[in-house]
Amino acid sequence: MSGRLSLRAVYERLRAEYGGQQWWPAETPFEVMVGAVLTQNTAWTNVERAIANLRQARALDPEAIVRAPQERLAEWIRPSGYFNVKTERLKGLCVWYLEQGGHAWLQGWPTAELRAALLAVKGVGPETADDIVLYAFHRPVFVVDTYTKRLFERLGLLEAGLGYDAVQQRFHQELGRGDEAVPLFNEYHALIVEHGKNRCRKRPLCEGCDLQRDCPSAGQL
DNA sequence: AACCAGGAGACAT
DNA sequence: ATGTCTCATGGT
């Protein structure tokens with residue numbers, strides 16, 4: 001018999017396939033913020049080069065980024081692509097971050113206000129904001145990316161064309177959104193990305209697993 | 001050698 | 001509200 005998939009069931013399947021992901025790959029909350037901007041529509045391997053450049057230049061720091069000349073900052077982050085755009089975005093985020101007094105002060109903000117303030121920074125859209133809110137501030141928000149929409153549309157769990165907030169609300173409603181959901185949201189998004197990167201190149205998610213019978217598009221998850 | 005990557009903003013409709 | 005362009009490097 002083919003039962004309808006729940007978001008929990010998909011999570012369990014991903015977890016069994018890929019194991020714990022230990023996200024976000026960064027050493028400090030500020031580094032999470034930098035990575036969140038630099039990885040916009042960009043492979044993470046390229047972001048690693050850019051962050052390594054910043055670290056080597058001792059510029060992985062908000063003050064250093066704000067005072068760095070555009071040209072030098074652009075040179076450091078060049079491997080992550082869109083370097084002219086991202087130079088502006090990174091500076092803007094750092095200016096805001098320093099204006100608010102840094103991580104300790106921001107941690108005192110309610111989640112909704114923190115998210116809204118991040119969204120007001122030019123260059124920070126919903127996914128980047130939620131990356132930061134979840135992985136740098138450990139608040140219960142589910143991060144939606146292109147992998148998320150693609151996977152769950154193919155699973156038949158989301159109708160095509162839904163906006164960011166609609167998809168996010170679906171996950172919040174079905175999984176809960178109290179503080180206890182933070183570890184789940186952390187791991188779930190990381191697993192979706194890991195699966196998205198390996199999609200069908202290693203092993204299809206629905207091959208030889210309990211999603212197979214329920215998957216309307218088996219073989220291309 | 002085309003195609004894609006852990007998006008977002010500007011702009012037209 | 002919704003669609004189309006643009007931004008750019010590095011791996012397959």
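All chains are named by letter (A, B, ...) in the order of the sequence lines, taking the proteins before the strands, and each is independently numbered beginning at 1. In this text, all values refer to a predicted model and were calculated from it rather than measured experimentally.
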(request) Calculate, to the nearest 0.5 Å, the distance between atoms CD and CG belonging to E127(A) and L134(A) respectively. (result) 11.5 Å
(message) It should be established whether N84(A) places a side-chain nitrogen or oxygen under 4.0 Å from OP1 or OP2 of nucleotide dA8(C).
(response) yes
(request) Give the rounded distance in Å between these two atoms: CD of Q40(A) and C1' of dT9(C). (result) 15 Å
(message) Work out how far the P atom of dA8(C) is from that of dA1(B), and round it to whole angstrom.
(response) 24 Å
(message) In this structure, how many angstroms lie between the P atom of dG7(B) and the CG atom of D130(A), rounded?
(response) 13 Å
(request) Can you figure out which of dG6(B), dA8(B), dG10(C) approaches the side chain of P79(A) most closely? (result) dG10(C)
(message) Base, sugar-phosphate or nothing for T45(A)? Non-hydrogen atoms, less than 4.0 Å.
(response) nothing
(message) Less than 4.0 angstrom between a side-chain N/O of S80(A) and OP1 or OP2 of dA8(C), yes or no?
(response) no
(message) Between P on dG6(B) and CD on Q168(A), what's the gap in Å once rounded to a whole number?
(response) 20 Å
(message) Taking the basic N atoms (NZ, or NE/NH1/NH2) and the acidic carboxylate oxygens, is any pair closer than 4.0 Å for E63(A) and R67(A)?
(response) no
Polar atoms only, N or O, under 3.5 Å: list the protein pairs with nucleotides 1-3 of chain C and their distances.
none

(request) Compare the minimum distances between each of dG7(B), dG6(B), dG9(B) and the side chain of K122(A), then state the nucleotide with the smallest one. (result) dG9(B)
(message) Whole angstroms only, please: what is the CZ-P distance between R150(A) and dC4(B)?
(response) 10 Å
(message) I want to verify a distance call: between dA8(C), dG7(B), dA5(B), whose nearest atom is closest to the F83(A) side chain?
(response) dA8(C)
(request) Please answer whether dA5(B) and Y147(A) are stacked, defined here as ring centres separated by less than 5.5 Å and planes angled under 30°. (result) no
(request) Give, for atom CG of L90(A) and atom OH of Y97(A), the distance between the pair rounded to the nearest 0.5 Å. (result) 12.5 Å
(request) Look at the side-chain N and O atoms of T42(A) and state whether any lies under 4.0 Å from the OP1 or OP2 oxygen of dG10(C). (result) no
(request) Sticking with atom P, work out how far dA8(B) lies from dG10(C), rounded to a whole angstrom. (result) 22 Å
(message) What is the distance, to the nearest angstrom, from the CG atom on L191(A) to the P atom on dG6(B)?
(response) 15 Å
(request) Specify the separation, in whole Å, of atom CH2 of W76(A) and atom P of dT9(C). (result) 19 Å
(message) Just verifying a value: how many Å separate W44(A) CH2 and L38(A) CG, rounded to the nearest 0.5 Å?
(response) 8.0 Å
(request) Answer with base, sugar-phosphate or nothing: what part of the nucleic acid does V124(A) contact at a heavy-atom distance below 4.0 Å? (result) sugar-phosphate
(request) Select one nucleotide: of dA8(B), dT9(C), dG7(B), the one nearest the side-chain heavy atoms of N41(A). (result) dG7(B)
(request) Round to a whole Å and report the spacing from CG of D145(A) to P of dC4(B). (result) 17 Å
(message) I'd like to know whether F30(A) forms a ring-ring contact (aromatic ring centres under 6.0 Å, His included) with H103(A), so could you lay out the CA-CA distance, the side-chain angles of the two residues, the decisive distance to 0.1 Å, and finally the verdict.
(response) CA-CA 8 Å; F30(A) 178 72; H103(A) 185 273; over 10 Å; no
(request) Could you tell me the separation between the OG1 atom of T128(A) and the CG atom of L93(A), rounded to the nearest 0.5 Å? (result) 9.0 Å
(request) Just compare dG7(B), dA8(C), dG6(B) and give me whichever is closest to any side-chain atom of Y82(A). (result) dA8(C)
(request) Taking only the side-chain heavy atoms of W24(A) (C-beta and beyond), determine which of dG7(B), dT9(C), dG6(B) contains the nearest atom. (result) dG6(B)
(request) Sticking with atom P, work out how far dT12(C) lies from dG6(B), rounded to a whole angstrom. (result) 12 Å
(request) Nearest-nucleotide wise, let me know which of R49(A) and K86(A) is further upstream toward the 5' end of DNA chain C. (result) K86(A)
(request) Kindly compute the distance separating CZ (R55(A)) from CH2 (W76(A)), expressed to the nearest 0.5 Å. (result) 14.0 Å
(request) Return the 5'-most residue of the pair N46(A), L119(A) with respect to DNA chain B, ranking by each residue's nearest nucleotide. (result) N46(A)
(message) Between dG6(B) and W44(A), is there a base-stacking contact, meaning the centre of the base's six-membered ring lies under 5.5 Å from the residue's ring centre while the planes stay under 30° apart?
(response) yes
(request) Using a heavy-atom cut-off of under 4.0 Å over every strand shown, decide if V193(A) touches base, sugar-phosphate, or nothing. (result) base
(message) Any salt bridge linking E17(A) with R13(A)? Criterion: basic side-chain nitrogen under 4.0 Å from a carboxylate oxygen.
(response) yes
(request) Kindly indicate, with the supporting measurements, whether the criterion side chain to side chain contact (heavy atoms under 4.5 Å, CB included) is fulfilled by R78(A) and F83(A). (result) CA-CA 5 Å; R78(A) 177 171 46 98; F83(A) 53 85; 3.9 Å; yes
(request) Mind calculating the distance between NZ (K149(A)) and P (dG7(B)) to the nearest angstrom? (result) 10 Å
(message) Nearest heavy atom decides the nucleotide; on that basis, is R89(A) or A43(A) closer to the 5' end of DNA chain C?
(response) R89(A)
